Amino acid sequence: MRAFAQQDIPLKLVGSFLHANKLPGGFDCPGCAFPDKAGKPLLDSCEQGQKAIAWEMTRKAVGAEFFDGKTPAQLQALGDFDLEFQGRLTTPVLYENTSGTFRAIDWDEAYAIAARELSALAPESVAFYASGRSSNEAAFLWQLAARAYGSPNLPDSSNFCHEPSGYALKHSIGTGKGTCSLDDFERADLFLVIGQNPASNHPRMMAALHEAKQRGATVLAINPLRERGFTHFSDPKNVGELLRNQGSAVADAIYQVQIGGDLAALKGVMKALLESERAAPGTVFDHAFIGTHTDGVDALIADLDACAWDELIARSGLGEAQLRDIARRYAAAPATMITWCMGLTHHPDAVATIQQVVNLALLRGNIGRPGAGVVPVRGHSNVQGDRTMGATSTVSKAWLDNLEAAFPGLRVCRDSGRDAAGVLDGLLDGKVKSLLSLGGNFGVAAPDSPRVLAALERCRFTLHIATKLNRSHCHPGHVGLLLPTLGRTDKDLRRGAEQCISTEDSMSNVRASRGVQAPITESQRSEPAIVAQLAHALGCAPDVPWLALADDYAALRERIERCQRGVTQGFEDYNRKLASDGRFTLPNAAAQRHWNTVSGKARFIAHPLRDDSPVALARKRHGDAVLTLMTIRAHDQFNTTVYSADDRYRDVQGDRRVLFMHANDLAARGLRDGDRVDIETLVDDGHTRRVEGFTARAHDIARGCVAAYFPEASGLIAASTFSAHTRTPLYKEMPVRVSASIT
Ligand SMILES: Nc1nc2c(c(=O)[nH]1)N[C@H]1C(S)=C(S)[C@@H](COP(=O)(O)OP(=O)(O)OC[C@H]3O[C@@H](n4cnc5c(=O)[nH]c(N)nc54)[C@H](O)[C@@H]3O)O[C@H]1N2
Ligand SMILES: Nc1nc2c(c(=O)[nH]1)N[C@H]1C(S)=C(S)[C@@H](COP(=O)(O)OP(=O)(O)OC[C@H]3O[C@@H](n4cnc5c(=O)[nH]c(N)nc54)[C@H](O)[C@@H]3O)O[C@H]1N2
Ligand SMILES: [Mo]
């Protein structure tokens, strides 16, 4: 496999580390947030996890000789793959606009410069971004440092990702997390997999679906793209088989919805259910559940009655027969799990759509019983844990009170802070003057990436704590620091004692994780150590024993446990539970049918179909010229990390500047498969967004919809447009025009 060969890591070696991955004491795969099976994690390795591990475990290093004297322009000239391919970062690096070049420095100088810069800035002009790869321990210290310094601005990758899921679930069922465990995969009769490509992005879930299918469960995918993984899936543990693209169909059917058509599609399914229920009362809806546990069903029914079939069909792009087919299969299944990912969240109506998912589940009592539930499948391996640790812009008063109680003398900032959208605004209008990042690639992950990267250069100070070099690092502020950190796979020794960290997966399992190999150099530092040293150097909150906490993660977890009292249930005896079993599961109130909503019930929430999305507005102006663009992941990438330019499930080799189109949409523009095309965004906000020379590829995708890879197409996503309620970027619903390339 290229990813392994490129990293000078033999596949066998990665395998042997995975086999050492037993609890307690194993390590949590940094690949994705899908859980391991308790008791036999070593069986749950997968090709994508192995890639992520090999990428991090590489012995390739990038040091002083690479950086010294280089200008940002020289680094910017490298491609995304080449930047990370340099290897693991090993030395702190400083950029100053006075010299115009980077140079390696030592840690003491790095901390002193960070303290000097942050002291000179107003805390409200500084943002602390967290990507979801760090540990619970690092995330806790990150938010503590930000709040102790006086900044409430804690944007996180979740703002770009599952934010609408958390919001929608919190308001509908009172718990912002998924309600299922892995056991439910073994009991469900039907799986609705909506807006998700698990074969590439959550292969361990694919394995669970594969097993379910073999015992007779039904799997239905709702997706504009006929993703190959649903039709030809092999066991992800068997890399060889995957390479041959063989395997069996996991999905019984794929319903090729229009991009953004899920709200209408789900309404259509519920309308069909309602009609069946009326035809044979008591046979479809779970009246006992609805009566005891929910409110709002009458408003939902009125809304469904008010929707005309014609409109639901036109908006969803699915035929009435298809919608009735989903309804029929759903009504026949004793227990259904509904899972989704970015195909539902990166849209204007994301919250409304996810609340329809909940409505659908509630109609048949499909929450809080075996084999049933609603499951947002998370992205980054610890994105859920980072949130639980308070590393986000909105936290409860109880959390802030607890922080102050856990560290007597500490005063934290209590203002409401900027989320990622707020930070984008601030970067573009100059009010945010400094971005500090605990991992991630903010300038590339953000919409309007070229403008955001340029805004980073206007910052007074930027700081990145990272394992590998990426594009955001190549656009430093007037003063920029890049600090090399240990990753999940590295052994973490603090004062001679090996430390373990903890993470929380997509199903609320908290687990211990220990590195498996010695760090590549002694000069890298752990994330908790770097964050603690920064806070210590800054002199904020002298009452917090920053350095002592960074030397003993168990002591740090004792403080975390105190801060979770009355906020998150399940952290009692945090250290003991990690030490004895290596993992524990946080209770989920909604899964117990306790509804922490305003009404104390699970809520049916009806939503109208809207006409003001950017695509709808563009169609009013440009008619049929408008296509709807989604930006998606290839099989060989992890977010902005590009492992290779191949995407074998979509028959793409050596090219990432590709645009997938329906053959009829190509023909309608006089284009053919393989032609060069230019793509232009049709959002009327005074900015031109255009990419040129992409290769058009005829593909099995819904009419009117096109797909390109992120980050290559990220410059087309307008930062001026967002989802309702959560201001999540519209990475998968941009109006564009495609034309033959002029270049
Ligand atoms: N190997 C690997 N694993 C990963 C990642 C990675 O990059 N690589 N990223 C991680 C992260 S952070 C995340 S968030 C997840 C992402 O996991 P996914 O959400 O599976 O990733 P995307 O490629 O963004 O794919 C979105 C899917 O939604 C579909 N889709 C797009 N628009 C719509 C729509 O309007 N309706 C419906 N029904 N479907 C739609 C697309 O066709 C595609 O199949 O994966 C995580 N795991
Ligand atoms: N156009 C478009 N844009 C998108 C999306 C999309 O679908 N389309 N998806 C969005 C989604 S779902 C997400 S979650 C975001 C992701 O956005 P981010 O989380 O900001 O980006 P990543 O690409 O995951 O970050 C990769 C970098 O993280 C660093 N890194 C890796 N491991 C570690 C570690 O252990 N510690 C530290 N400190 N650093 C580490 C490395 O330097 C690596 O280069 O992107 C969003 N952006
Ligand atoms: Mo994500």
Side-chain angles (χ1 to χ4, degrees), residues 30-34 46-49 51-52 55-56 80 83-84 89 129-135 138 156-162 193-203 221-225 227 229 255-262 265 340-347 353 377-383 437-447 449 464-473 483 485-490 527 530 628 630-641 643 701-702 705 707-717 728-729 731-734:
C32 73
F34 199 77
C46 74
E47 180 208 2
Q48 299 299 60
K51 277 187 216 163
W55 199 253
E56 182 174 295
D80 291 322
L83 289 168
E84 292 219 15
L89 295 165
Y129 176 65
S131 166
R133 277 281 268 271
S134 56
S135 59
D156 62 351
S157 60
S158 218
N159 296 149
F160 289 150
C161 185
H162 262 299
V193 181
I194 313 182
Q196 195 188 349
N197 179 20
S200 290
N201 299 317
H202 303 95
I222 301 182
N223 199 313
L225 268 174
E227 297 285 20
Y255 301 90
Q256 288 182 273
V257 70
Q258 279 287 306
I259 292 178
D262 303 84
W340 69 91
C341 204
M342 298 301 105
L344 289 195
T345 66
H346 288 162
H347 301 274
T353 306
V377 184
R378 303 272 167 192
H380 272 303
S381 54
N382 197 40
V383 63
S437 293
L438 181 61
N441 190 357
F442 186 87
V444 175
S449 168
H464 300 276
I465 300 170
T467 49
K468 288 205 167 178
L469 185 59
N470 66 42
R471 188 156 306 285
S472 295
H473 309 155
L483 306 178
T485 187
L486 297 178
R488 193 81 56 80
T489 55
D490 298 309
E527 291 178 331
I530 297 171
T628 307
M630 54 164 142
T631 52
I632 55 173
R633 292 154 170 78
H635 190 66
D636 251 7
Q637 75 181 84
F638 192 96
N639 295 345
T640 68
T641 298
Y643 301 130
I701 184 171
C705 302
Y709 297 125
F710 125 76
E712 284 73 8
S714 294
L716 293 169
I717 310 297
T728 307
Y731 296 125
K732 292 188 175 40
E733 206 176 319
M734 267 296 114

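Model, not experiment: these values are computed from the prediction. These numbers come from the heavy atoms of this one structure, side chains and all, not from hydrogens, waters or symmetry mates. Atoms within each ligand, like the ligands themselves, are counted from 1 in listed order.
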Q. Which protein residues have a heavy atom under 4.0 Å from ligand 1?
A.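 If the criterion is a heavy atom under 4.0 Å, then ligand 1 touches C32, Q48, C161, I194, G195, Q196, N197, S200, N201, H202, I222, N223, P224, L225, E227, V257, I259, G260, D262, C341, M342, G343, H347, G379, H380, M630, I632, R633, Q637, F638, N639, K732.
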Original post:
Taking distance alone, with no angle check, do G440 and ligand 2 share an N/O pair under 3.5 Å?
Top reply: yes
If you round to the nearest 0.5 Å, how far is [atom2] of [Y] from [atom1] of [X]?
| X | Y | atom1 | atom2 | result |
| --- | --- | --- | --- | --- |
| E84 | H473 | CD | NE2 | 8.5 Å |
| T640 | N470 | OG1 | CG | 5.5 Å |
| S131 | L438 | OG | CG | 8.0 Å |
| I259 | H346 | CD1 | NE2 | 13.0 Å |

I need the atoms of ligand 2 closer than 4.0 Å to a non-hydrogen atom of [X], numbered in the order shown.
| X | answer |
| --- | --- |
| N470 | 27 (C), 42 (O), 43 (C), 44 (O) |
| G439 | 37 (C), 38 (N), 39 (N) |
| E84 | 43 (C), 44 (O) |
| I465 | 37 (C), 38 (N), 39 (N) |
| Y129 | 17 (O), 18 (P), 19 (O), 20 (O) |
| E527 | 34 (C), 36 (N), 37 (C), 38 (N) |
| N441 | 18 (P), 20 (O), 21 (O), 25 (O) |

Centroid separation under 6.0 Å, is that true for the rings of H380 and F638?
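So the answer is yes for these two rings.
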When every non-hydrogen atom of T728 is compared with those of T345, the smallest separation belongs to CG2-O, 3.9 Å
Item to check | Side chain to side chain, M342 and C161, heavy atoms closer than 4.5 Å | outcome: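 M342 reaches C161 side chain to side chain.
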Item to complete: Would you indicate whether the side-chain heavy atoms of Q637 and F710 approach each other to under 4.5 Å?
Response: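 Contact flag for F710/Q637 side chains = yes.
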By salt bridge (Lys or Arg N to Asp or Glu O under 4.0 Å), R488 pairs with (sequence neighbours left out) D28
Parallel, tilted or perpendicular: rings of F160 and Y129 (30°, 60°)
tilted
Q) Should the proximity of T467 to ligand 2, defined as any heavy atom under 4.0 Å, be assigned to the side chain, the backbone, both, or neither? A)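 Both parts.
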Checklist entry - What part of H464, side chain from CB on, backbone N/CA/C/O, both or neither, has a heavy atom under 4.0 Å from ligand 2? => result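 For H464, there is no contact with ligand 2 at all, from either part.
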Next on the checklist: If you apply the rule side-chain contact (heavy atoms from CB on, under 4.5 Å), what do you find for S472 with H464, and how did you get there?
Outcome noted: CA-CA 9 Å; S472 295; H464 300 276; 3.9 Å; yes
